[in-house]
Amino acid sequence: MNLGRRMEAVADELYKQHKIRGFLHLYDGQEAVAEGIAAAITMDDHITASYRNHIHSLKRGISPKEVLAELMGKKSGWSKGKGGSMHFYSKEKNYYGGHGIVGA
């Protein structure tokens, strides 16, 4: 949980420095949810998350460096910088990213 909290703090700082563009949906204060889910499943299970999905990404084995690169829109990000804050994806890790509710 500490790694996730520290990564989210870095993401918050990068956002305030305008290095992360668009929306940033932080997960701070909710780390225990991802920890509990990770403890109850295996890497063979297929999962998706809400739009607050950065910590879930860590629990699936995506490195903090790759998560932050994705948030900054870099090609070294997990989804090649195209997913942003909400749309992490890894078929290899059975992780289908975050999904938000869109509409009224």
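The same ILVMFWY cluster, assembled from side-chain heavy atoms under 4.5 Å apart, contains both Phe88 and Ile41. A single hydrophobic cluster is not seen to contain both Met43 and Ile47; linkage of ILVMFWY side chains at heavy-atom distances under 4.5 Å, directly or through other members, places them apart.
Shown here for His25 and His54, the closest heavy-atom pair between the two residues is O-CE1, 3.3 Å. Heavy atoms only, all atoms of each residue included: Leu24 and Ala11 are closest at CD2-O, 3.5 Å. The nearest pair of heavy atoms linking Gly4 to Leu58 is CA-CD1, 3.7 Å. Residues Ala69 and Ser76 come closest through the heavy atom pair CB-OG, 3.4 Å.
Although no hydrogens or angles enter the test, the distance criterion places a donor-acceptor pair under 3.5 Å between the side chain of Glu35 and the main chain of Met1. Under a 3.5 Å cut-off, the side chain of Ser79 and the backbone N or O of Lys82 do not form any donor-acceptor pair. For the pair Glu70 (side chain) and Leu68 (backbone), a donor-acceptor distance under 3.5 Å is absent. Judged by distance alone, with hydrogens and angles left aside, the side-chain atoms of Ser50 form a donor-acceptor pair with the main-chain N or O of Arg52 at under 3.5 Å.
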Residue pair Tyr89, Lys80: steps toward the side-chain contact (heavy atoms from CB on, under 4.5 Å) verdict: CA-CA 10 Å; Tyr89 175 84; Lys80 309 296 183 233; over 6 Å; no
Verdict with supporting geometry, Arg60 and Asn94, side-chain contact (heavy atoms from CB on, under 4.5 Å): CA-CA 8 Å; Arg60 294 310 276 187; Asn94 298 324; 3.6 Å; yes
Apply the test side-chain contact (heavy atoms from CB on, under 4.5 Å) to residues Asp28 and Arg5: give CA-CA distance (whole Å), side-chain angles for both, the deciding distance (0.1 Å), then the verdict. CA-CA 6 Å; Asp28 52 338; Arg5 175 67 62 98; 4.0 Å; yes
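Here the straight-line distance linking atom CD1 of Ile62 with atom CD of Glu92 works out to 9.5 Å at 0.5 Å rounding. Expressed to the nearest 0.5 Å, how far OH of Tyr96 lies from OG of Ser90 amounts to 8.5 Å. In this structure, the separation between NZ on Lys74 and CD on Glu66 is 14.0 Å, given to the nearest 0.5 Å.
Of the N and O atoms on the side chains of Tyr95 and His46, not one donor lies less than 3.5 Å from an acceptor on the other residue.
Contact check for Val10 versus Asp12: no side-chain heavy atoms found under the 4.5 Å cut-off. Contact of the Lys59 side chain with the Ile37 side chain is not registered, since no non-hydrogen atoms from C-beta on lie closer than 4.5 Å.
Put simply, the residue from Leu71, Ile55, Leu26 that forms a side chain to side chain contact (heavy atoms under 4.5 Å, CB included) with Met7 is Ile55.
In this structure, Tyr27 has its ring center under 6.0 Å from that of His56.
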